Amino acid sequence: MLTTAFGLVFDPYVLAVIVGSAAFGLFVGAIPGLTATMATALLVPVTFFMDPVPAIAAIVTATAMAIFAGDIPAALLRLPGTPASAAYVDESYAMTRKGQLELNLGVNLVFSVVGGLIGTVVLVTAAPALAEVALNFSSFEYFWLALLGLTCAVFISPSSPLKGVISLLIGLGIASIGIDVTAGHPRFTFGSVEMMGGVSFIPAMIGMFAVSEVMRSVCDADAPLKLAQERIGNVFRGIGAVTRRYWKNVLRGSVIGTAIGALPGAGADIAAWISFAVSKKFSKEPEKFGTGHIEGIVDATSANNSALSGAWIPALVFGIPGDSITAVVIGVLYMKGMNPGPTVFMQAADQLYAVFIVFFLANLLMLPLGLAAIRLSGQILRAPRTVLMPIILMFCIVGAFAINNTVFGVGIILVMGILAWVMEENGFPVAPAILGMVLGELLEGSFMTSMIKADGDLLAFFHRPIAAVLGVATIALWLSPLLLRLLRKR
Amino acid sequence: MRLNDAVIGLVLIVVGLLVIWHTRSFPAMPGQKYGPDLFPSLIAAGLAFGGVILVASGLRARAPFVQMGAWARSPLLLLNFLSVPAALLFYILCSDALGFLLAAPLVLAVLIALYRRGRVVSSVAIAIVAALLIQQAFSRLLLVPLPRGVIENLIG
């Protein structure tokens with residue numbers, strides 16, 4: 001099986017796709033305002049006509065590169081290239097001001113690679129083991145899992161819980177458009193044939209993550225960018241000393257990152273924030289944080305890359321995305337016939353192991369290609385946004401069109417782009433809405449199937465042992481804010 | 001564009017009530033307790049309820065109902081902002097009649113020249129090159145049937 005998987009990856013075409021998408025990912029990640037999710041959404045139409053392995057390899061590679069590349073403008077411009085670098089942008093820039101730009105970039109590169117590799121090891125071992133358990137799951141367990149996933153997404157979102165819930169409901173509402181899963185009744189289609197299929201997910205993602213970003217970018221009165229330092233020396237000097245001193249931080253950051261990545265709705269950006277905070281809390285010299293101290297960066301830069309791999313665990317095993325990138329990936333997996341779920345490990349084992357190999361390969365390739373991106377950072381960061389944004393918009397249009405070959409897709413990106421823009425302007429997180437859109441059908445489908453099986457008896461959701469545990473956990477999570485408030489009052 | 005929570009809440013209440021009203025026309029599933037109206041009406045009830053809380057907190061906050069960003073006060077930035085939905089609308093309405101190779105360079109040229117504040121000739125050149133590259137990549141390599149128009153028919 002492994003030889004077949006190696007054969008699928010080490011094929012000239014697949015390798016060329018990997019290198020090409022690596023370059024794309026590095027570029028998108030390095031440009032402030034363009035995110036790894038946007039890179040994924042823009043890649044999907046291009047991967048539409050590829051075989052499963054190169055298609056998924058392109059996404060894996062581009063996102064890993066983008067999350068690392070986000071660190072480069074953080075150090076040079078004090079602007080995070082992607083939200084995943086926002087947690088330590090000030091620390092990074094303070095290091096640059098102290099003349100430690102090279103050490104900072106070197107640490108970012110090396111420990112992004114290490115974090116990515118550790119996350120991948122966890123993914124490769126945990127996912128198949130979890131799938132064994134999940135094989136016994138029925139619609140009752142899946143209903144609770146979907147609900148638990150949605151609950152996590154709301155709880156983890158940094159804004160107010162109410163706005164998180166509303167965002168989630170908007171996503172679920174959008175998911176209910178079209179022919180309904182059990183009775184086949186067309187809902188909210190208003191007689192339109194194109195609406196019957198529902199809101200296609202890929203155009204919706206392009207709208208929410210790319211078009212809304214273009215809208216934000218063009219109405220930003222942009223100041224001319226000024227690089228903090230023009231010449232970049234040897235970035236690997238001093239890495240050995242940092243590794244000897246902070247190897248525990250690398251491990252801790254990677255483990256926290258993988259775990260947060262695996263939680264539905266929380267991805268690389270939240271992983272970086274939390275591991276940076278943990279690093280400061282347990283540091284022997286917390287007073288140095290904020291003055292250009294490398295310790296927290298070691299934790300966080302490992303965490304955000306490991307979160308990418310962690311997010312694939314629930315995505316592959318349950319079809320529940322760990323972050324917004326895997327939300328797109330799930331759509332791609334379905335399109336490629338690798339339906340996520342525990343059986344994917346038997347039905348598409350060769351392809352899946354090939355994807356795991358790509359994870360290792362992409363993270364290893366990050367070392368030379370990331371170095372090249374650091375060398376070229378001056379040119380990349382000077383790419384004129386005035387030209388870039390219209391071209392990205394045209395890519396969005398063609399990409400949305402390519403999914404169903406109608407301008408209906410372009411209509412979706414317009415509506416969803418404006419919706420996401422209004423939501424973000426008003427403090428509504430977009431991630432829960434995405435999760436709602438992905439999980440809406442699973443949630444409703446598993447509920448309806450369960451109710452037909454149990455003849456409308458709601459208590460059936462607690463009859464099976466695992467379902468009961470999941471159900472109690474979900475309800476406990478809902479009640480936790482209330483209980484905490486009661487405890488505090490005492 | 002920051003809207004007062006009360007405004008958003010009101011919109012959510014109206015949408016929620018409309019959806020609930022609409023779901024009452026959905027047929028029931030024979031022999032089942034729950035039908036296709038259950039989830040949409042639960043979601044809509046949730047939205048309306050969230051809306052009520054937002055209205056309450058929004059009215060208490062006494063913020064202005066609409067607060068525009070700095071870009072809205074600069075006519076050029078406002079134009080920048082409107083250009084994105086306008087470009088998409090234009091493409092939706094006209095791409096079929098014009099064909100990709102006329103619609104795309106047109107959209108790109110206008111946007112690039114607008115964002116660069118002039119430099120029309122080079123903007124048009126960039127637009128044509130970019131549109132040709134995208135067209136080649138998607139219609140030749142990826143076999144996407146992009147809309148054909150005058151120019152495509154001329155090239156053959």
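Letters A, B, ... mirror the listed sequences (proteins, then strands); counts begin at 1. Worth saying up front: this structure is predicted, and the values here are computed from it rather than measured.
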Note to self: With a 4.5 angstrom heavy-atom cut-off, is it the side chain or the backbone of A:I452 that approaches chain B, or both, or neither?
What the structure shows: both

Notebook entry, point to check: Nearest heavy-atom pair of B:P145 and A:N405: which atoms, and what distance?
Noted result: CD-OD1, 3.3 Å

Note to self: Which residues pass the side-chain hydrogen bond (donor to acceptor under 3.5 Å, both in side chains) test with A:W478, not counting sequence neighbours?
What the structure shows: A:T151

Check: Using non-hydrogen atoms only, which part of A:I170 is less than 4.5 Å away from chain B: side chain, backbone, both, or neither?
Finding: both

Note to self: Salt bridge or not between A:K163 and B:D5? Use side-chain N to carboxylate O under 4.0 Å.
What the structure shows: yes

Item checked: Contact origin within A:L443 toward chain B - heavy atom pairs under 4.5 Å -> both

Notebook entry, point to check: Can you check whether A:F49 and B:F138 have ring centres sitting under 6.0 Å from each other?
Noted result: no

Notebook entry, point to check: What part of A:F188 gets closer than 4.5 Å to chain B, counting heavy atoms only: side chain, backbone, both or neither?
Noted result: both

Check: With respect to chain A, which residue among B:L146, B:L111, B:I112 yields the maximal number of heavy-atom pairs within a distance under 4.5 Å?
Finding: B:I112

Item checked: Partner set under side-chain hydrogen bond (donor to acceptor under 3.5 Å, both in side chains) for B:S83, not counting sequence neighbours -> B:Y115

Next item on the list: Using non-hydrogen atoms and a 4.5 Å limit, figure out which bit of A:F408 sits close to chain B: side chain, backbone, both or neither.
Entry: neither

Check: Looking at B:F39, B:F49, B:F100, which one has more heavy-atom pairs under 4.5 Å with chain A than the rest?
Finding: B:F39

Note to self: In this structure, is the centre-to-centre distance between the rings of A:F401 and B:Y91 below 6.0 Å?
What the structure shows: no

Notebook entry, point to check: Checking heavy atoms, do the side chain of A:L169, its backbone, both or neither come under 4.5 Å from chain B?
Noted result: both

Margin query: Please classify the contact between A:I179 and chain B as side chain, backbone, both or neither, with a heavy-atom cut-off of under 4.5 Å.
Written below: neither

Next item on the list: Give, as side chain, backbone, both or neither, the part of A:M215 having an atom under 4.5 angstrom from any heavy atom of chain B.
Entry: both

Checklist line | Region of A:V165 in contact with chain B, defined by heavy-atom distances below 4.5 Å | finding: neither

Note to self: Using heavy-atom distances under 4.5 Å, tell me whether A:I166 contacts chain B through its side chain, its backbone, both, or neither.
What the structure shows: both

